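These figures come from a predicted structure and were not determined experimentally. Numbers here are sequence positions counted from 1. As a basis for the values below, the full set of heavy atoms in this structure was taken, side chains included, without hydrogen atoms, waters or symmetry mates.
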Amino acid sequence: VVNYTPDTARTLESQTGICYDFSALFAAMCRSQGIPCAIATGYLSDAYHAWDMVYVDGDWAAVDMTRSISSHNTASQTLAECVTSLDGYTLAAS
């Protein structure tokens, strides 16, 4: 796929998508609440991947909704509890 643009409404409605879809939806939700958020792309291990960088408690932190969804992480009650370690992640060259 050369050019792919996530459709956040479709992702929300279908509750399915790829990492880029979930990252775009999460970024849109954060931004709608005034929370600074950027979509990051790169590699998780050897697979191309997308995740979010969110401004939490005065610093930028990674949040990977794809990993949270796949591990059924539903117990988090705050954004800070969703922060992901960047071990194994590599940003794509810009």
Side-chain angles (χ1 to χ4, degrees):
V1 175
V2 175
N3 190 5
Y4 178 78
T5 303
D7 181 338
T8 56
R10 185 181 65 218
T11 303
L12 185 59
E13 183 179 320
S14 68
Q15 298 183 17
T16 61
I18 61 173
C19 58
Y20 193 23
D21 296 313
F22 293 123
S23 294
L25 177 58
F26 185 71
M29 294 171 76
C30 286
R31 292 170 186 158
S32 76
Q33 298 301 305
I35 300 168
C37 183
I39 299 171
T41 58
Y43 294 87
L44 175 56
S45 299
D46 292 334
Y48 195 70
H49 192 57
W51 63 93
D52 296 288
M53 296 301 295
V54 183
Y55 198 69
V56 179
D57 296 332
D59 202 7
W60 286 94
V63 174
D64 187 339
M65 294 309 298
T66 305
R67 289 183 80 182
S68 292
I69 291 165
S70 65
S71 67
H72 303 286
N73 177 11
T74 58
S76 297
Q77 295 183 9
T78 68
L79 189 55
E81 291 176 310
C82 297
V83 170
T84 302
S85 165
L86 285 176
D87 291 342
Y89 291 75
T90 306
L91 284 172
S94 37

- [ ] Give me the other members of the hydrophobic cluster that Tyr43 sits in, counting Ile, Leu, Val, Met, Phe, Trp and Tyr linked by side-chain heavy atoms under 4.5 Å, directly or via other members.
- [x] Tyr48
Name every donor-acceptor pair, under 3.5 Å, that has one atom in a side chain of residues 5-13 and the other anywhere in the protein, sequence neighbours excluded.
residue, atom, partner, partner atom, Å
Asp7, OD1, Ala9, N, 3.2
Asp7, OD1, Arg10, N, 3.1
Thr11, OG1, Asp7, O, 3.1

- [ ] Apply side-chain hydrogen bond (donor to acceptor under 3.5 Å, both in side chains) to Asp59 and list each qualifying residue two or more places apart in sequence or on a separate chain.
- [x] none
Open item on the list: According to side-chain hydrogen bond (donor to acceptor under 3.5 Å, both in side chains), who are the partners of Ser45, at least two apart in sequence or on a separate chain?
Closed with: none
Please tabulate, for the side chains in residues 61-69, all donor-acceptor contacts under 3.5 angstrom to protein atoms that are two or more places apart in sequence or on a different chain.
residue, atom, partner, partner atom, Å
Asp64, OD1, His49, NE2, 3.3
Asp64, OD1, Thr66, N, 3.1
Asp64, OD1, Arg67, N, 3.2
Asp64, OD2, His49, NE2, 2.7
Asp64, OD2, Tyr89, OH, 2.6
Arg67, NH1, Tyr89, OH, 3.2
Ser68, OG, Asp64, O, 3.3

Open item on the list: Starting from Tyr55, can I reach Leu25 by hopping between I/L/V/M/F/W/Y residues whose side chains sit under 4.5 Å apart?
Closed with: no
Task: Joint hydrophobic cluster, Phe26 plus Met53, side-chain heavy atoms closer than 4.5 Å - done: no
What donor-acceptor contacts under 3.5 angstrom involve side-chain atoms of residues 28-40, with partners at least two apart or in another chain?
residue, atom, partner, partner atom, Å
Arg31, NE, Cys37, O, 3.0
Arg31, NH2, Cys37, O, 2.8
Ser32, OG, Met29, O, 2.8

- [ ] Mind listing the closest non-hydrogen atom pair of Phe22 and Thr16 along with its distance?
- [x] CZ-C, 3.9 Å
